[in-house]
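Take a look at the structure below.
Quantities reported herein were computed from a predicted structural model and do not represent experimental measurements.
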Amino acid sequence: MAAELTAHQLIAQHRPTLDQALEAIRTRAYWSPHPEHPKAYGENGSLDAAAGKAAFDALLGSRLDLGQPGTDDWVGGETSPYGIELGVTYPHADVDTLLPAMRAGQRAWRDAGAEMRAVVCLEILKRISDRTHEFAHAVMHTSGQAFMMAFQAGGPHAQDRGLEAVAYAYVEQVRTPDNAEWTKPQGKRDPLALTKRFTPVPRGVAVVIGCNTFPTWNGYPGLFASLATGNAVLVKPHPRAVLPLALTVQVAREVLAEAGFDPNLVALAAERAGEGIAKTLATRPEIRIIDYTGSTGFGDWLEANARQAQVYTEKAGVNTVLVESTDNYKGMLSNLAFSLSLYSGQMCTTPQNLLIPRDGIRTEEGPRSYDEVVADLAKSVGGLLGDDARANGLLGAIVNPDVKARLEAAAGLGEVALASREIANPEFPDAVVRTPVIVKLDGTKPDDQAAFMNECFGPVSFAVAVDSAADAVALLRRTISSKGAMTVGAYTTSEEVEEAVQEACLEECAQLSLNLTGGVYVNQTAAFSDFHGSGGNPAANAALCDGAFVANRFRVVEIRKEA
């Protein structure tokens with residue numbers, strides 16, 4: 001196919017955005033080129049709300065033919081957590097045919113250079129951004145997120161994370177110059193002179209193993225980090241959340257072809273029910289990079305068995321908030337209530353364990369006992385979710401039956417401070433919507449420890465009574481060290497306690513948020529500024545996004561000759 005997008009056009013259009021992204025990751029200041037508000041779309045080729053919904057509706061019951069080589073069947077079967085059958089079918093690949101085809105385009109992609117790869121990636125992201133409304137419905141009906149969250153987290157925030165990965169990839173690749181003239185003096189003899197050329201070369205084919213809850217937000221960093229560093233990328237979505245990543249692959253293939261590259265540099269690996277293709281792909285010799293988000297069990301398996309590949313995992317952790325004292329009691333309760341409720345606690349960053357001294361905490365309103373703090377938090381969550389329409393907008397739907405089962409079982413683990421209740425969704429009567437449960441546990445009892453020291457993914461939180469602030473810090477440290485944490489929060493007005501919590505998080509390598517009482521929440525991170533995960537505790541072996549996340553996706557090969 002003849003190129004429709006020239007290098008000059010792509011660089012002229014996207015280099016300014018790349019430069020802004022490079023500045024943003026340098027300063028860590030707020031910046032985003034992707035609007036968060038739905039009304040910002042509808043001009044300059046982007047779909048407005050009605051067009052995006054129509055585009056999504058047109059996908060239902062359709063066959064998404066990507067034009068990939070090696071298609072031997074058509075597979076599907078996604079059911080929305082809101083109760084509708086998507087009915088979309090996708091190409092099932094014979095990987096013995098597809099993988100060689102993907103590798104065939106890597107030479108030209110490698111030779112294009114870091115800047116060209118970056119601006120092609122930015123063109124892919126721009127076209128995805130133009131279809132944000134369509135993608136939002138796709139994310140909503142595969143993840144169970146409420147529409148506004150699916151729009152923001154699955155749209156602009158995911159696109160920001162993809163762009164961030166491209167920026168880091170570019171920085172690492174241009175760290176070494178393309179060429180160097182090397183001269184070594186030899187005294188009275190002629191100097192030694194060499195011409196040296198340095199080329200970033202890809203590792204090989206990368207696989208992105210997608211997750212059910214955040215298919216684009218968690219999928220885009222690995223996809224774009226690998227593509228921007230010269231690797232072909234095979235996208236293996238979660239069987240319940242294929243559509244958002246299949247649309248992403250479709251856009252990427254279109255842009256690559258228009259820019260004169262092999263569209264097979266990006267392909268989809270959808271699977272039959274129960275096929276387990278991720279395990280098969282993970283140990284193939286062609287697969288040199290794996291990005292994975294999901295359960296600890298399979299993440300550990302990948303790290304142990306995919307020996308030929310560089311493996312990046314985001315697994316599970318036990319996120320903890322220490323509550324010792326506050327000078328804004330109502331603000332603390334409101335902030336925590338929102339954090340526990342957002343997307344029914346189905347975020348890898350949602351707090352699970354709230355460590356509260358059994359003798360209570362200090363507040364600007366006077367002391368509050370452990371029981372009072374827990375009761376007040378339960379009241380705050382209840383107030384936040386008291387209106388069913390508002391609750392539906394915050395909670396979304398339970399993503400799968402396993403989450404519902406954990407939620408129902410949690411009530412039997414201890415004294416229930418806040419019972420979960422069912423909420424009807426008038427627009428989607430078959431949606432399973434549940435408010436969070438808060439269970440009171442004792443940090444010194446072995447049976448209670450067995451409950452709260454393991455991740456209970458979903459709208460479940462444990463109010464853990466501890467003997468003192470020092471015991472809380474010790475328990476926090478032990479939790480991070482043994483179970484990992486994507487996020488840690490703390491509320492304290494004590495410099496001594498704050499220092500102890502900071503030291504625990506620095507030593508155990510966990511991201512910490514202190515005294516959040518406003519509109520920023522412990523379970524939210526901003527691309528270009530916040531790191532998601534640290535790569536330094538058992539919850540994840542990589543951070544989104546830092547230099548380490550991209551630098552090992554390529555190698556620099558030197559070719560030298562005498563001048």
Side-chain angles (χ1 to χ4, degrees), residues 17 20-21 24-25 28-41 46-47 49 52 121-122 124-168 208 210-225 241 243-245 247-248 251 291 293 314 338-339 341-350 393-394 396 399 486-487 511 513 516 519-533 540 542-546 549:
T17 303
Q20 286 180 289
I25 64 173
R28 317 305 293 181
Y30 171 76
W31 176 75
S32 172
H34 304 114
E36 286 184 314
H37 201 285
K39 291 183 179 179
Y41 296 81
S46 63
L47 301 180
C121 287
L122 265 60
I124 296 170
L125 285 164
K126 189 218 178 274
R127 295 198 191 181
I128 291 171
S129 176
D130 287 344
R131 295 168 62 179
T132 292
H133 274 283
E134 177 187 358
F135 272 74
H137 288 285
V139 171
M140 173 183 175
H141 284 290
T142 51
S143 71
Q145 294 174 29
F147 177 76
M148 184 54 73
M149 184 175 185
F151 183 92
Q152 293 184 339
H157 297 171
Q159 295 152 21
D160 282 350
R161 282 296 184 193
L163 175 53
E164 178 186 45
V166 173
Y168 271 99
V208 174
C211 67
N212 195 174
T213 48
F214 289 88
T216 54
W217 197 98
N218 279 108
Y220 283 5
L223 192 166
F224 285 100
L243 184 57
L245 290 178
L247 294 175
T248 301
V251 173
D291 285 276
T293 302
E314 181 192 314
F338 188 91
S339 297
S341 303
L342 185 62
Y343 184 33
S344 301
Q346 298 170 126
M347 304 173 69
C348 63
T349 51
T350 301
L394 281 174
V399 69
M486 295 299 295
T487 54
Q511 312 293 11
S513 298
L516 298 181
V520 176
Y521 304 95
V522 67
N523 44 351
Q524 297 174 321
T525 59
F528 310 107
S529 186
D530 294 324
F531 293 111
H532 175 73
L544 303 181
C545 184
D546 60 8
F549 185 69

Closest non-hydrogen atom pair between [X] and [Y], with its separation:
{"X": "H34", "Y": "L163", "result": "CE1-CD2, 4.3 Å"}
{"X": "G396", "Y": "S344", "result": "O-OG, 4.4 Å"}
{"X": "V399", "Y": "Q346", "result": "N-OE1, 2.8 Å"}
{"X": "A153", "Y": "F214", "result": "CB-CE2, 4.1 Å"}
{"X": "G162", "Y": "F224", "result": "O-CB, 3.7 Å"}
{"X": "M149", "Y": "M347", "result": "CE-SD, 3.8 Å"}

Nearest 0.5 angstrom please: L125 CG to T248 OG1, how far?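 L125 CG to T248 OG1: 9.0 Å, rounded to 0.5 Å.
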Could you measure the distance from the SG atom of C348 to the CH2 atom of W217? Nearest 0.5 Å is fine.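 It comes to 6.5 Å.
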Test of understanding: with side chain to side chain donor-acceptor pair (under 3.5 Å), list the residues that count as partners of [X], not counting sequence neighbours.
{"X": "T525", "result": "R161"}
{"X": "H137", "result": "none"}
{"X": "H133", "result": "none"}
{"X": "S32", "result": "D160"}

With [X] via ring pair (Phe, Tyr, Trp, His ring centres under 6.0 Å) - residues at least two apart:
{"X": "F135", "result": "none"}
{"X": "Y168", "result": "none"}
{"X": "H157", "result": "none"}

Check whether any side-chain heavy atom of [X] lies under 4.5 Å from a side-chain heavy atom of [Y], and answer yes or no.
{"X": "D291", "Y": "L223", "result": "no"}
{"X": "H532", "Y": "M486", "result": "yes"}
{"X": "R28", "Y": "F531", "result": "yes"}

Can Y521 and S513 be said to form a side-chain hydrogen bond (donor to acceptor under 3.5 Å, both in side chains), step by step? CA-CA 8 Å; Y521 304 95; S513 298; over 6 Å; no
Take Y220 and V208, measure what side-chain contact (heavy atoms from CB on, under 4.5 Å) needs, and give me the verdict at the end. CA-CA 9 Å; Y220 283 5; V208 174; over 6 Å; no
Tell me every residue that passes side-chain contact (heavy atoms from CB on, under 4.5 Å) with [X], counting only those two or more places apart in sequence or in another chain.
{"X": "T132", "result": "Y41, S129, F151, P156, Q159"}
{"X": "P244", "result": "A138, V139, T142, P215, T216"}
{"X": "T293", "result": "C211, N218, E314"}
{"X": "A543", "result": "D546"}

Look at the side chain of E164 and the backbone N and O of P221, then say whether any donor-acceptor pair between them is shorter than 3.5 Å.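 Not a single qualifying donor-acceptor pair exists.
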T349 side-chain N/O to N523 backbone N/O, donor-acceptor pair under 3.5 Å: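 Yes; judged by distance alone, with no hydrogens or angles, the pair exists.
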Is there a donor in the side chain of T350 and an acceptor in the side chain of Y343, or the other way round, less than 3.5 Å apart?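 Result is no, nothing qualifies.
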Qualifying residues under salt bridge (charged side-chain N to carboxylate O under 4.0 Å, His left out), relative to E134, sequence neighbours excluded: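 Once residues adjacent in sequence are excluded, the partners of E134 under the salt bridge (charged side-chain N to carboxylate O under 4.0 Å, His left out) criterion are R131.
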